Amino acid sequence: MPAAIIHDLARSARIFHALADPIRLKIVALLGDGERCVCDLTEALDIAQSLLSFHLRTLKDAGVVTDRREGRWNYYSLKGDIAEEIEEVLELFHDRTPSRTRSRRCE
């Protein structure tokens with residue numbers, strides 16, 4: 001497997017790890033409708049701001065969301081090409097037929 005693909009898979013693993021939490025999936029779903037202020041997300045999810053900040057940091061570190069500051073408020077949105085990145089990874093598993101060949105070591 002080429003090094004570029006391995007690098008992309010490492011990045012994809014970080015993205016999928018970040019998405020492997022129900023609260024973070026809810027955040028992504030809410031941001032799918034557009035940019036949201038932290039106060040709106042806190043209210044919509046009915047969680048403490050400190051817990052929301054933890055989950056937003058995880059999503060941001062994985063490159064799933066971006067943020068911007070306006071005055072004293074932070075606004076979050078989905079990274080522009082994140083859906084395409086996820087789809088590309090899922091394509092690796094789509095329409096695959098299991099290999100019927102065995103390695104010589106397995107004989």
Side-chain angles (χ1 to χ4, degrees):
M1 192 177 289
I5 291 180
I6 291 172
H7 171 72
D8 289 342
L9 291 178
R11 173 167 164 61
S12 298
R14 287 190 302 275
I15 291 169
F16 281 98
H17 176 75
L19 295 174
D21 181 275
I23 292 174
R24 292 193 287 267
L25 285 175
K26 288 177 188 174
I27 293 168
V28 169
L30 289 167
L31 295 178
D33 292 333
E35 183 180 70
R36 294 284 192 102
C37 176
V38 169
C39 59
D40 293 335
L41 292 170
T42 302
E43 183 179 324
L45 296 166
D46 193 29
I47 60 174
Q49 192 273 329
S50 58
L51 180 59
L52 177 62
S53 291
F54 167 78
H55 288 296
L56 286 168
R57 171 56 68 186
T58 301
L59 290 167
K60 185 178 174 186
D61 288 348
V64 175
V65 301
T66 60
D67 66 334
R68 68 177 183 86
R69 188 167 186 93
E70 187 175 304
R72 55 179 255 198
W73 300 108
N74 287 326
Y75 291 85
Y76 287 83
S77 58
L78 292 179
K79 187 176 163 230
D81 59 351
I82 194 64
E84 291 82 18
E85 280 189 60
I86 292 169
E87 287 175 10
E88 287 175 12
V89 174
L90 293 176
E91 283 294 318
L92 294 173
F93 304 102
H94 193 285
D95 292 334
R96 294 281 186 168
T97 54
S99 175
R100 301 267 184 217
T101 60
R102 289 186 180 180
S103 166
R104 293 200 184 262
R105 294 184 323 188
C106 297
E107 295 178 353

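Fair warning: this is a prediction, and the values are worked out from it, not measured in the lab.
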*L19, I47: one ILVMFWY side-chain cluster at the under-4.5 Å cut-off?*
yes
Listing, residues 54-62 side-chain donor-acceptor contacts under 3.5 Å, not counting sequence neighbours, or none:
from: H55; atom 1: ND1; to: R24; atom 2: NH1; distance (Å): 3.0
from: R57; atom 1: NH1; to: D61; atom 2: OD1; distance (Å): 3.3
from: T58; atom 1: OG1; to: F54; atom 2: O; distance (Å): 3.1
from: K60; atom 1: NZ; to: D67; atom 2: OD1; distance (Å): 2.9
from: K60; atom 1: NZ; to: D67; atom 2: OD2; distance (Å): 3.2

*Might you work through the side chain to side chain contact (heavy atoms under 4.5 Å, CB included) test for V28 and I82, ending with a clear yes or no?*
CA-CA 11 Å; V28 169; I82 194 64; over 6 Å; no
*Same cluster or not: are W73 and Y76 linked, directly or through other Ile, Leu, Val, Met, Phe, Trp or Tyr residues, by side-chain heavy atoms under 4.5 angstrom apart?*
no
*Quick one: side chain to side chain donor-acceptor pair (under 3.5 Å) partners of R69, sequence neighbours excluded?*
N74
*Kindly give the heavy-atom pair with the smallest separation between E85 and I15, and that separation in Å.*
OE1-CD1, 3.5 Å
*If you measure from CG on L51 to CG on D46, what distance do you get to the nearest 0.5 Å?*
11.0 Å
*Minimum heavy-atom separation for G80 to E84, with atom names?*
O-OE1, 3.6 Å
*All side chain to side chain donor-acceptor pair (under 3.5 Å) counterparts of E70, not counting sequence neighbours*: R68
*asked:* Around atom NZ of K26, are there more than 12 heavy atoms from other residues, nucleotides or ligands closer than 6.0 Å?
replied: no
*Examine I27 and Y75 and state if one hydrophobic cluster contains both, with Ile, Leu, Val, Met, Phe, Trp and Tyr joined whenever side-chain heavy atoms are less than 4.5 Å apart.*
no
*asked:* Just verifying a value: how many Å separate E35 CD and T66 OG1, rounded to the nearest 0.5 Å?
replied: 8.0 Å
